[in-house]
Amino acid sequence: MSETVASRGLDPLGFIEREGSHARVQRVFRPVVAAARNRLLEVFGARLDSAYLYGSIPRGTARVGRSDLDLVVVLGEEPTGADRDAARALGAAVDKEFPEIDGVGTLLYSRARVLSELERYDIGWFVACLCTPLLGEDLAEFLPRYRPDSLLARETNGDLARYLPRWRERIAAADDTEEALRPLVRFMSRNLVRTGFTLVMPRWNGWTSELREMAEAFAGYYPERADQLRRAAGYGVEPVGDRAVLRSYVDDLGPWLADEYARVHGVKTPRPDGWD
């Protein structure tokens, strides 16, 4: 097909614009954000370097009772197992208190890792372009501007093949209940759609975080796989507790996508052990 020239998500110079802002947070979610902010300070105190919102809440597209609260926490040193346990407990408490959200997800990193050369086109890009500052110094000030090119595609999602065995293990270990399977369907659906989108992102020449728009961008270049990614986008928004959906991801769509990604963009630069 002919190359598509898109402009969504780019500034006049062709750099990816930062998405999300506090102004876009819907009124119903503002108490949730305030509570999370206060509790992060209580839990991490002076060890907290910065914190961010990302996802549908700062983009203004969250749905009451259906969307989760997504947080990034950056510490002055490498997070420990105790830090991760504390973040999970904080998330569980906020989720229990506020029925307006459906779960809290928190990513923890060190300042050094976010600003490292190795993570410049992965976690660094994520913080600079997809995260909204919540607390502390904004590390985007120390990071470059980013274009939707093949280097960015490779370093953000060029490691799907490495994760597929872990996904198979999680599926095998999960109970056959809606409660156990729905979160896996939502997580894997979103991951595959985003990977499919960044596969075509340099040709599409733009950025979006909307799952259905990602699937449509992908469909323009891979029509034979379009329906699979459209269904995954739907499950990313309205997940089902269906083991057959998960098996189709790790037996068919996922392996094909990993192989095609490696062919087009190459494989993501290896990270040190423990940097998952």
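These figures come from a predicted structure and were not determined experimentally.
Residues satisfying the ring-ring contact (aromatic ring centres under 6.0 Å, His included) criterion with Tyr121, sequence neighbours excluded, are Tyr146.
With hydrogens and angles ignored, the 3.5 Å screen pairs a side-chain donor or acceptor of Thr80 with a backbone N or O of Asp83. No donor-acceptor distance shorter than 3.5 angstrom exists from the side chain of Tyr249 to the backbone of Pro255, with no hydrogens or angles considered. A side-chain donor-acceptor contact under 3.5 Å links Arg190 to the backbone of Gly236. The backbone N or O of Met188 sits nowhere less than 3.5 Å from a side-chain atom of Asn191 that would complete a donor-acceptor pair. At least one donor-acceptor pair closer than 3.5 Å links the side chain of Arg63 to the backbone N or O of Val237. Under the 3.5 Å distance criterion, the side-chain polar atoms of Glu119 are left unmatched by any main-chain donor or acceptor of Arg113. Panel note: side chain Arg243, backbone Ile171; a donor-acceptor pair is recorded below 3.5 Å.
Considering OG1 of Thr106 and CG of Asp68, their distance stands at 10.0 Å, rounded to 0.5 Å. Once rounded to the nearest 0.5 Å, the distance linking OH of Tyr163 with CD of Glu169 reads 13.5 Å. Between Arg30 atom CZ and His22 atom NE2 the span is 11.0 Å, to the nearest 0.5 Å. Note: Arg231 CZ to Leu192 CG = 12.5 Å, rounded to the nearest 0.5 Å. Within the model, atoms SG of Cys131 and CD of Glu19 stand 8.5 Å from one another, a figure rounded to the nearest 0.5 Å. Taking OG1 of Thr195 as the reference point, atom CG of Leu160 lies at 5.5 Å (rounded to 0.5 Å).
Separation of the Trp256 and Tyr222 ring centroids falls under the 6.0 Å cut-off. Taking the centre of each ring, Phe15 and Trp207 stay at or above the 6.0 Å mark.
No side-chain N or O of Ser50 forms a donor-acceptor pair with one of Glu137 less than 3.5 Å apart. Counting only N and O atoms by type, the side chains of Thr156 and Asp122 include no donor and acceptor under 3.5 Å apart.
The side-chain heavy atoms of Leu152 and Met201, taken from C-beta on, include a pair separated by under 4.5 Å. When side chains are defined from C-beta on, Leu10 counts as touching Pro148, because their heavy atoms get closer than 4.5 Å. Looking at Val114 and Val72, their side chains never come closer than 4.5 Å, going by heavy atoms from C-beta outward. Two residues are said to be in side-chain contact when any heavy atoms from C-beta on lie closer than 4.5 Å; Trp204 and Phe197 meet this criterion. Side chains of Val185 and Leu246 form a contact here, defined as non-hydrogen atoms less than 4.5 Å apart. For the pair Arg24/Pro58, no side-chain contact is recorded, criterion being any heavy-atom separation below 4.5 Å from C-beta on.
Each of Leu107 and Leu41 belongs to its own hydrophobic cluster when Ile, Leu, Val, Met, Phe, Trp and Tyr are linked at side-chain heavy-atom distances under 4.5 angstrom. Put simply, Leu69 and Val25 are part of the same group of oily side chains (I, L, V, M, F, W, Y) that touch within less than 4.5 Å, one to the next. When hydrophobic clusters are built by joining Ile, Leu, Val, Met, Phe, Trp and Tyr residues whose side-chain heavy atoms come closer than 4.5 Å, directly or via intermediates, Val74 is not grouped with Val104. Under the 4.5 Å side-chain contact rule for hydrophobic residues, Leu199 and Tyr221 share a cluster. Leu130 and Val73 are assigned to two separate hydrophobic clusters, defined by single-linkage of ILVMFWY side chains at heavy-atom distances under 4.5 Å.
Screening residues 39-81 for ring-ring contact (aromatic ring centres under 6.0 Å, His included) gives Tyr54-Phe126 as the qualifying pairs, with residues at least two apart or on separate chains. Applying the salt bridge (charged side-chain N to carboxylate O under 4.0 Å, His left out) test to residues at least two apart or on different chains, the pairs with a partner in residues 142-159 are Asp11-Arg145, Glu155-Arg271, Asp159-Arg162, Asp159-Lys268.
Residues Leu118 and Pro272 come closest through the heavy atom pair CD2-CD, 3.7 Å. Residues Tyr261 and Ala153 approach most closely at OH-O, 2.6 Å, considering heavy atoms. Contact detail for Leu181 and Ala174: the closest heavy-atom pair is CD2-CB, 3.9 Å. Arg27 approaches Pro31 most closely through the heavy-atom pair O-CD, 3.5 Å. When all heavy atoms of Ala215 and Val193 are compared, the closest pair comes out as N-CG1, 4.2 Å. Listed here is the closest heavy atom pair of Thr198 and His265: O-NE2, 3.7 Å.
Around atom CD of Glu179, no more than 12 heavy atoms belonging to other residues, nucleotides or ligands sit under 6.0 Å away.
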*Could you please spell out the steps behind the side-chain contact (heavy atoms from CB on, under 4.5 Å) verdict for Val245 and Val240?*
CA-CA 8 Å; Val245 171; Val240 295; 4.3 Å; yes
*side-chain contact (heavy atoms from CB on, under 4.5 Å) between Leu75 and Ser110: does it pass, once the steps are laid out?*
CA-CA 5 Å; Leu75 301 179; Ser110 69; 5.7 Å; no
_Let's go through Glu97 and Val94 carefully: what are the C-alpha distance in whole Å and the side-chain angles of both, what is the deciding distance for side-chain contact (heavy atoms from CB on, under 4.5 Å) to 0.1 Å, and is it a yes or a no?_
CA-CA 5 Å; Glu97 181 175 345; Val94 173; 5.8 Å; no
*asked:* Under the criterion side-chain contact (heavy atoms from CB on, under 4.5 Å), I'd like the reasoning laid out for Asp252 against Arg225: C-alpha separation, chi angles, the key distance, then a yes or no.
replied: CA-CA 11 Å; Asp252 180 29; Arg225 292 278 180 171; 3.1 Å; yes
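The existence of a salt bridge linking Asp49 and Arg111 is confirmed by a sub-4.0 Å separation between a basic side-chain nitrogen and an acidic carboxylate oxygen. With respect to Arg120 and Glu117, a salt bridge is recorded, a charged nitrogen being found less than 4.0 Å from a carboxylate O. The pair Glu260-Arg263 meets the salt-bridge criterion, since a charged nitrogen lies less than 4.0 angstrom from a carboxylate oxygen. Ion pairing between a basic and an acidic side chain is recognised when a charged N comes within 4.0 Å of a carboxylate O; Glu77 and Arg47 show such pairing. Taking a cutoff of 4.0 Å between a charged side-chain nitrogen and a carboxylate oxygen, Arg18 and Asp138 qualify as a salt bridge. Taking the charged nitrogens against the carboxylate oxygens, Asp102 and Arg186 do have a contact shorter than 4.0 Å, which makes a salt bridge.
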